[in-house]
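These notes are about the structure you will find just below.
Atoms within a ligand are numbered from 1 in the order they appear, just like the ligands themselves. Note that the numbering runs from 1 along the sequence shown for the chain. Reckoned from all heavy atoms, side chains included, excluding hydrogens, waters and symmetry mates.
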Amino acid sequence: MRKTTLITGGAGYIGSHTAVALINAGHRVLVLDNLCNSCRECIARLELLTHTRVDFINGDIGDSILLDKIFSRYDIDAVVHFASLKSVEESIRKPLDYYANNVAGTLNLCRAMARHKVFNLVFSSSATVYGDPAKTPIPEDIGTGKPVNPYGRTKLMIEELLTDLCYADPRWSVGLLRYFNPIGAHESGMIGEDPSGRPNNLLPCLTQVAIGRIPELTVYGCDYPTVDGTCVRDYIHVVDLAHGHLKALEVLHEKGGINAWNLGTGVGYSVLQIIQSFEDITGISIPYRFAPRRVGDIAKCWADPRKAGRELGWTAQRDLEQMIVDTWRWQSRNPLGYRSPCVIPSLMTVK
Ligand code: NAD
Ligand code: UD1
C-alpha cells in the first residue's frame, strides 16, 4: 500500500493547495485540521477538484492521544506541517495562545512522530524569521534575525527547536520552508484564501475593496526608501509554493538533517505597483489613501531563491499577472469565500 503524507492544517489556504499538488503527484494524503481558521467545505472542494476521496480528521495537533491513533492507524512516512495561528495582530494581543498553539503544538507533533518513528518533516516557516534583513535579496545563509512580533517569534522558536532535534538525532530530516508573500489561488477558482474576519494582508484587503466590501484601501506608508515610497515584497503564487513542498518532500527522503529553503520569486513589487497591476488586469479601479507606516513593517523584503533552485530543482513559474488573475477569479466567483456556492469549471484541465 502507498505510504501516507500527513498534512496538518491541510484545510487552510496553503495546506489545501499543497494537498492538491501532492494528490496530483500520486501521494496518499491525510488532512488533520481543527478548523479554527478553515471549514469542511474546503475538503469537499478538494475532493471535487482531485476526483479523490480525501481522508480528513477534525482534530488538534495538541491532542497526543489522537496523534497516537493517527500514526498507529495510517502508514505515515512524512508530515507537512502547516497547522498554526498566523495573525500578527492577534499574536500581539494573545501571545500565550500563539506560543501554545504554534510552539507547544509543534513540540507535541514531533514527540508523536518520534514515538512512531516518522522522521521526515516539512515545516511552514516564513521570511519573518529574517527580521529586518541587512540586504536584499535575502539568501538563507544571511542567518535569522529578530522577528518583531510574537507570531514571528513562534516561527523562529520552532526553527530552533527543529534544528536542535536534527543535531540530536540523525534520523530526522527536516525542511524549513521560508515563504515570502503567498498570494493567488488555484486556477480552477474552487479553492483559495478565505480569511475569517477583517483581513490584514494586502491582496485580501485589495480584493475586498474591488468587490465593494471595504470602501477604500489603506496604504501604510509612502516615505520608505523604495522605488515609490511604499513597501516592496516578494509575492509568490500559492500553487508554486505548493509545488515547493512536493519537491522538498522528495528531497528529504534522500537528504537528512536540517535544511532551510527560501520559497520566493526573487522579484519585489511595491504596494503601488500591485494596485496598478490589479487595476490594469481587472479593469477595476481601487480607491486608496495613504496612512502612517504600519508598526513592524520593513521597507524591502525579497528572496534569493537560488538555493531552492539548486537543491530542490524548484523555481517559481507564475508571474504577477497570473497571481492577480487567479486571486481575482477566486474572489469574484466566491465573494463569501467557502460560503459561496461552488462553481465547477466545465473544462477540468487544471493541475
Ligand atoms: P491558514 O490559517 O489558512 O491555515 C492553517 C490551518 O491550520 C487552518 O486550517 C487552521 O484551522 C489549522 N490549525 C491551526 N491550529 C491548529 C491546530 N492546533 N491543530 C490543527 N489544525 C490547526 O494559514 P495559511 O496561510 O495556509 O498558512 C499555513 C502555514 O504557513 C502557517 O504555518 C503559517 O504560519 C505559514 N505561513 C503563512 C504565510 C501566509 O502569508 N499565508 C506566510 C508565511 C508562513
Ligand atoms: C505579513 C506579516 C508577516 C506574515 C505575512 C503573512 C507583518 C508585519 N508581517 O507580512 O509576519 O508572515 O503577513 O501572513 O504583519 N499593506 C497595505 N495595506 C493593507 C495591507 C497591507 O499597505 O491594507 C502593505 C503592508 O504595509 C506591506 C505590504 O502591503 O507593506 C504587504 O503586507 P502583508 O500582505 O500584510 O504582508 P507582510 O507585511 O509582508
Aromatic ring centroids of [X] and [Y] under 6.0 Å?
X	Y	answer
Phe82	His17	no
Trp330	Tyr338	yes
Tyr269	Trp302	no

I need the nearest protein heavy-atom contact for [atom]: residue, atom name and distance, please.
atom	answer
atom 19 (N) of ligand 1	Ile61 N, 3.1 Å
atom 5 (C) of ligand 1	Ser84 O, 3.9 Å
atom 40 (O) of ligand 1	Pro182 CD, 3.2 Å
atom 12 (C) of ligand 1	Asp33 OD1, 3.3 Å
atom 15 (N) of ligand 1	Asn101 ND2, 3.1 Å
atom 25 (O) of ligand 1	Lys86 NZ, 2.8 Å
atom 26 (O) of ligand 1	Ile14 N, 2.8 Å
atom 22 (C) of ligand 1	Asn34 OD1, 3.2 Å

Side chain Asn262, main chain Ala303, donor-acceptor under 3.5 Å:
no
Are any side-chain N or O atoms of Asn181 and backbone N or O atoms of Arg233, one a donor and one an acceptor, separated by less than 3.5 Å?
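No, the answer is negative, given that no donor and acceptor are paired below the 3.5 Å cut-off.
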Short N/O distance, under 3.5 Å, between Ser38 and ligand 1?
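Yes, there is a polar N/O contact under 3.5 Å.
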Run the numbers for me: atoms of ligand 1, each under 4.0 Å from some heavy atom of [X], listed by number.
X	result
Cys36	10 (C), 11 (O), 13 (N), 14 (C), 15 (N)
Tyr179	30 (O), 35 (C), 36 (N), 43 (C), 44 (C)
Gly59	19 (N), 20 (C)
Ser125	43 (C), 44 (C)
Leu35	11 (O)
Ser126	43 (C), 44 (C)

Which is closest to atom 1 (P) of ligand 1 by heavy-atom distance: Asp60, Asn37, Val238?
Asn37
Hey, looking at atom 36 (N) of ligand 1, which of Phe180, Tyr151, Phe82, Tyr13 has the closest heavy atom?
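Ranked by closest heavy atom to atom 36 (N) of ligand 1, first place is Tyr151.
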Test item, [X] contacting ligand 1 (heavy atom, 4.0 angstrom):
X	result
Gly62	no
His81	no
Pro195	no
Gly105	no

Got a salt bridge between [X] and [Y], using NZ or NE/NH1/NH2 to carboxylate O under 4.0 Å?
X	Y	answer
Glu140	Lys307	no
Asp132	Lys146	no
Glu159	Lys155	no
Glu193	Lys86	yes

Can a donor-acceptor pair be found between the side chains of [X] and [Y] at a distance below 3.5 Å?
X	Y	result
Glu89	Ser91	no
Ser124	Tyr179	yes
His237	Asp326	yes
Asn37	Ser196	yes

The protein residues that pass the under-4.0 Å heavy-atom test against ligand 2 are Val88, Ser126, Thr128, Tyr151, Asn181, Asn200, Asn201, Leu202, Cys205, Leu217, Thr218, Val219, Tyr220, Cys231, Arg233, Tyr235, Val271, Arg294, Gly296, Asp297
Less than 6.0 angstrom from the centroid, inside 45 degrees of the normal: does Arg115 satisfy that with respect to the ring of Phe71?
no
Sorted by chain and number, sequence neighbours left out, ring pair (Phe, Tyr, Trp, His ring centres under 6.0 Å) with Tyr235 holds for none
Nearest heavy atoms of Asn24 and Thr50, plus distance in Å
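In this case the closest contact between Asn24 and Thr50 is OD1-CG2, 4.4 Å.
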